[in-house]
Structures are given as C-alpha cells and as structure tokens.
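In this chain, numbering begins with 1 at the start of the sequence shown.
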Amino acid sequence: KILKTNGDDVNEVFYIRNLPDDAQLIVTNRWGNEVYSSKNYQNDWNGGATSDGVYYYKLLAAGQAYTGWIEVMRGK
C-alpha cells in the first residue's frame, strides 16, 4: 500500500477494507520504533509527521494478526 498524501484525495490515508470494530494498528519504522498506534483504528492514518519511506504495520483484528508494509510518499 502506498500513501500519497499530496492532496489529490487518492490514497491519502491507510484504508483497510472490511475493518472490524476495535482493530488495533501499530506502525513502525525500519528500526522497529513505533511511529503510530491506535487501539481502535478508524482508517484515518495519513502518515502523520513521518518522513517519506517504508513503514511496517501490524493489525490486530478479530483474534488475528496481519502484517505488511506501507510506503509514504508526499509528492507535489
């Protein structure tokens, strides 16, 4: 998933389809430092104050853990 937070309303937030209630999202940088966390994720993370680059996520939902990566790109 690539976040292009450039104001064109396409891929502006990390959106997860069929997200169950009370899903927990944790986003870390390449060194494992947490850059974002939500105990009740609402499909609203836009990269925040992070630098452009690749980040890793763990989503805890419905008794399962899902992992993957997100690339943040802020273009003009």
Side-chain angles (χ1 to χ4, degrees):
K1 175 75 173 170
I2 298 177
L3 295 182
K4 291 187 176 183
T5 55
N6 59 3
D8 66 359
D9 290 333
V10 177
N11 293 330
E12 296 289 324
V13 296
F14 181 44
Y15 182 81
I16 302 167
R17 280 181 264 172
N18 303 317
L19 185 67
D21 293 336
D22 299 327
Q24 181 179 4
L25 178 68
I26 302 163
V27 180
T28 60
N29 62 18
R30 63 183 173 173
W31 296 284
N33 298 322
E34 187 176 294
V35 297
Y36 177 81
S37 178
S38 174
K39 291 187 179 188
N40 186 17
Y41 185 60
Q42 299 294 308
N43 284 322
D44 56 359
W45 187 63
N46 65 0
T50 60
S51 302
D52 287 6
V54 175
Y55 295 85
Y56 302 91
Y57 70 86
K58 180 189 284 187
L59 177 71
L60 305 171
Q64 299 287 322
Y66 304 91
T67 60
W69 60 273
I70 309 162
E71 184 172 1
V72 175
M73 293 178 20
R74 293 179 178 87
K76 298 205 185 264

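Residues Asn46 and Arg74 are not in side-chain contact: their nearest non-hydrogen atoms beyond the backbone lie 4.5 Å or more apart.
Judged purely by atom type and a 3.5 angstrom limit, Gln42 uses its side chain to pair as donor or acceptor with the backbone of Asn40.
Using a 30° and 60° split on the angle between ring planes, Tyr55 and Trp45 fall in the perpendicular class, above 60°.
Taking OH of Tyr15 as the reference point, atom CG of Asn43 lies at 5.5 Å (rounded to 0.5 Å). One distance of note links CZ of Phe14 with CG of Asp44; it measures 11.5 Å at 0.5 Å rounding.
Leu60 and Tyr66 fall into different hydrophobic clusters, where Ile, Leu, Val, Met, Phe, Trp and Tyr side chains are chained together by heavy-atom contacts under 4.5 Å.
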Show me the donor-acceptor pairs, under 3.5 Å and distance only, between side chains in residues 17-37 and residues at least two apart or in other chains.
{"unit_1": "Asn29", "atom_1": "OD1", "unit_2": "Trp31", "atom_2": "N", "d": "3.0"}
{"unit_1": "Asn29", "atom_1": "OD1", "unit_2": "Gly32", "atom_2": "N", "d": "3.2"}
{"unit_1": "Asn29", "atom_1": "OD1", "unit_2": "Asn33", "atom_2": "N", "d": "2.9"}

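Between Tyr57 and Trp69 the shortest heavy-atom distance is CE2-N, 3.5 Å.
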